[in-house]
Amino acid sequence: MQIKELLKQSPSEQEVTVKGWVRTKRGQAAVTFIAINDGSTIHNIQAVAEGGAIDEETLKLVSTGACVAITGKLIASMGSGQAVEVKAEKIVVYGTADETFPMQPKKHSMEFLREKAHLRFRTNTFGAIFRIRHALAYAVHKYYNDNGFFYLHTPIITASDAEGAGEMFHVTNFDMEKPPKTEDGSIDYSQDFFGRQTSLTVSGQLEGELGALALSKIYTFGPTFRAENSNTTRHLAEFWMIEPEVAFYELEDNMALAEDFVQYVIKYALENCADDLAFLEKRLLEEEKNKPQNERSELSLLEKLKFVVENKFERLTYTEAIEILVRSKPHKEKKFQYPVEWGIDLQSEHERYLVEKHFKKPVILTNYPKDIKAFYMKQDEDGKTVRAMDVLFPGIGEIIGGSQREDDYEKLLARTKEVGIDPENIWWYLETRKFGSAPHAGFGLGFERLVLFVTGMTNIRDVIPFPRTPKSAEF
Ligand code: ATP
Ligand code: MN
């Protein structure tokens with residue numbers, strides 16, 4: 001039985017077997033207390049070996065990090081902190097761990113644990129994070145399934161570089177030493193595996209739209225890749241993205257969906273991950289003790305999550321946001337690193353000012369200048385802005401980017417050429433605007449940014465099991 005279930009049992013001396021990893025061992029020959037964790041819950045179960053019950057040789061092998069199976073009677077615990085414990089009668093040691101086991105019970109830095117990503121799952125912090133990550137992923141599927149969406153698997157290998165020119169990882173099976181060349185000396189991709197140049201996808205959106213224009217409501221949830229060299233606490237080279245796409249939705253519907261969806265999954269975590277969140281809340285408090293007063297959060301982790309679930313997100317246009325920023329104190333006092341004027345791509349410092357200082361709640365910014373947004377976004381009547389929306393979160397900045405899509409064939413074709421994309425490359429995408437085009441909208445939520453927010457962690461490398469970032473692909 002999993003420890004999570006065992007801890008809920010009422011003790012009546014029933015015989016049980018606990019399998020898991022030893023977190024700590026204390027006590028002497030007379031009584032030994034062994035704390036075991038199997039990852040099913042943040043809580044350990046305690047096994048008590050009274051003198052003589054277990055032979056000394058075996059007991060010696062039971063040390064922090066060892067994997068064991070302990071059989072004995074489930075009894076009421078005399079100690080505080082747990083209702084039940086196991087009175088050990090038999091111990092099988094599956095795998096020993098000596099004192100070089102790195103996850104000894106003491107404080108480790110996040111950097112150290114990142115270098116030990118193969119073992120960091122065995123700490124309370126990472127156990128909590130990955131149980132919550134799972135719960136959030138499940139909640140994503142549940143939300144969309146319950147609301148009539150279909151899960152669409154869009155390809156990982158793609159030949160369209162429509163979105164992230166220059167930021168894609170190439171996929172090839174050429175011998176890199178001597179790729180075939182054309183007469184003019186350039187690489188001859190017609191001889192490559194797919195007969196053309198291919199890359200790892202940066203988004204499933206374009207294909208997602210094709211699905212939505214038949215199934216009406218679809219979502220994708222898969223890995224995406226970006227070869228951007230941004231070594232920040234919010235960017236990964238490989239991350240998971242959730243992308244709903246809905247026919248007949250306009251920008252307002254899209255905003256309502258984003259808000260309802262994010263609130264739902266956070267609520268799901270609050271209701272189903274209470275123990276792990278309580279642990280992470282304490283962890284965050286500890287971490288923030290080392291920070292100067294003005295950098296500490298005003299709300300605790302749980303307060304922050306409840307606040308987001310219970311309050312409507314602020315909605316305003318990009319133009320209104322620029323006006324607020326221009327009038328802001330940090331702008332007047334030249335505290336912003338980057339200039340503020342209509343037309344700029346908002347920097348993280350601007351987004352965080354709006355969310356954390358001005359509105360003090362999640363913000364949805366809409367109607368951005370068309371020149372800083374992708375070619376497929378629907379143009380507004382003014383000819384200057386597009387129906388884009390970014391959802392900004394405290395501590396994170398952009399968590400969602402989306403838009404109503406251009407559904408007018410001529411306008412989309414013109415815009416494609418304007419930004420320098422060869423229409424031939426995405427002929428299939430353009431063609432959906434020729435046959436039964438429909439208003440539609442969608443967005444992309446970076447899954448790790450959501451996990452970052454819910455767990456209160458500060459570095460995106462700590463909320464994905466094995467982070468891929470510039471110069472780092474260990475494990
Ligand atoms: P940013 O400005 O933060 O780099 P973006 O504008 O490039 O984001 P989009 O292309 O709109 O982001 O992607 C949709 C969502 O995917 C973002 O809102 C964010 O949550 C997430 N995202 C984007 N790039 C990354 C990345 N490198 N690592 C993790 N998540 C990302
Ligand atoms: Mn980016």
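Since we're looking at a predicted model, the values are computed, not measured. Read the numbers this way: they start at 1 and go in the same order the structure lists the ligands and their atoms.
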Per-atom contacts of ligand 1 with [X], taking only distances under 4.0 Å to non-hydrogen atoms:
| X | answer |
| --- | --- |
| Ile400 | 18 (O) |
| Gly401 | 11 (O), 18 (O) |
| Glu398 | 2 (O), 5 (P), 6 (O), 8 (O), 9 (P), 11 (O), 12 (O), 17 (C), 18 (O), 20 (O) |
| Ile399 | 18 (O), 19 (C), 20 (O) |
| Met241 | 14 (C), 15 (C), 16 (O) |
| Arg234 | 3 (O), 28 (N), 29 (C) |

**Message:** Please tell me whether Tyr368 and Asp345 have a donor and an acceptor in their side chains that are separated by less than 3.5 angstrom.
**Reply:**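 Side-chain D/A pair, Tyr368 to Asp345: absent.
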**Between Glu243 and Ser203, a side-chain donor and acceptor under 3.5 Å** =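 Ser203 and Glu243 do have a side-chain donor-acceptor pair below 3.5 Å.
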**Request:** Give a yes/no on ligand 1: does Glu448 have at least one heavy atom closer than 4.0 angstrom to it?
**Result:**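 False for this residue.
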**Request:** Starting at CD1 of Ile322, measure out to CD1 of Ile344 and round the result to the nearest 0.5 Å.
**Result:**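 Spacing of CD1 (Ile322) from CD1 (Ile344) equals 4.5 Å.
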**Prompt:** Does CZ belonging to Phe193 count more than 12 external heavy atoms closer than 6.0 Å?
**Reply:**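 For Phe193, atom CZ is not crowded (no more than 12 foreign heavy atoms under 6.0 Å).
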**Request:** Return yes or no for this condition: an N or O of Leu445 is under 3.5 Å from an N or O of ligand 1.
**Result:**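 For ligand 1, there is no N or O atom that lies under 3.5 Å from one belonging to Leu445.
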**Prompt:** Of all residues at least two apart in sequence or in a different chain, which pass the salt bridge (charged side-chain N to carboxylate O under 4.0 Å, His left out) check with Glu238?
**Reply:**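 Here no residue qualifies.
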**Message:** Can you confirm if the NZ or CZ of Lys304 lies within 45° of the ring axis of Phe453 and under 6.0 Å from the centre of its six-membered ring?
**Reply:**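 The answer is yes, since Lys304 meets both limits relative to Phe453.
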**Request:** Would you mind telling me if ligand 1 is within reach of the side chain of Arg226, the backbone, both or neither, using heavy atoms under 4.0 Å?
**Result:**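 The answer is the side chain.
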**Asked** Out of Pro467, Ala237, Ser348, Gly446, whose heavy atom sits nearest atom 21 (C) of ligand 1?
**Response**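 Shortest heavy-atom distance from atom 21 (C) of ligand 1: Gly446.
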**Asked** Partners of Lys332 by side-chain contact (heavy atoms from CB on, under 4.5 Å), sequence neighbours excluded?
**Response**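 side-chain contact (heavy atoms from CB on, under 4.5 Å) check on Lys332 returns nothing, list empty.
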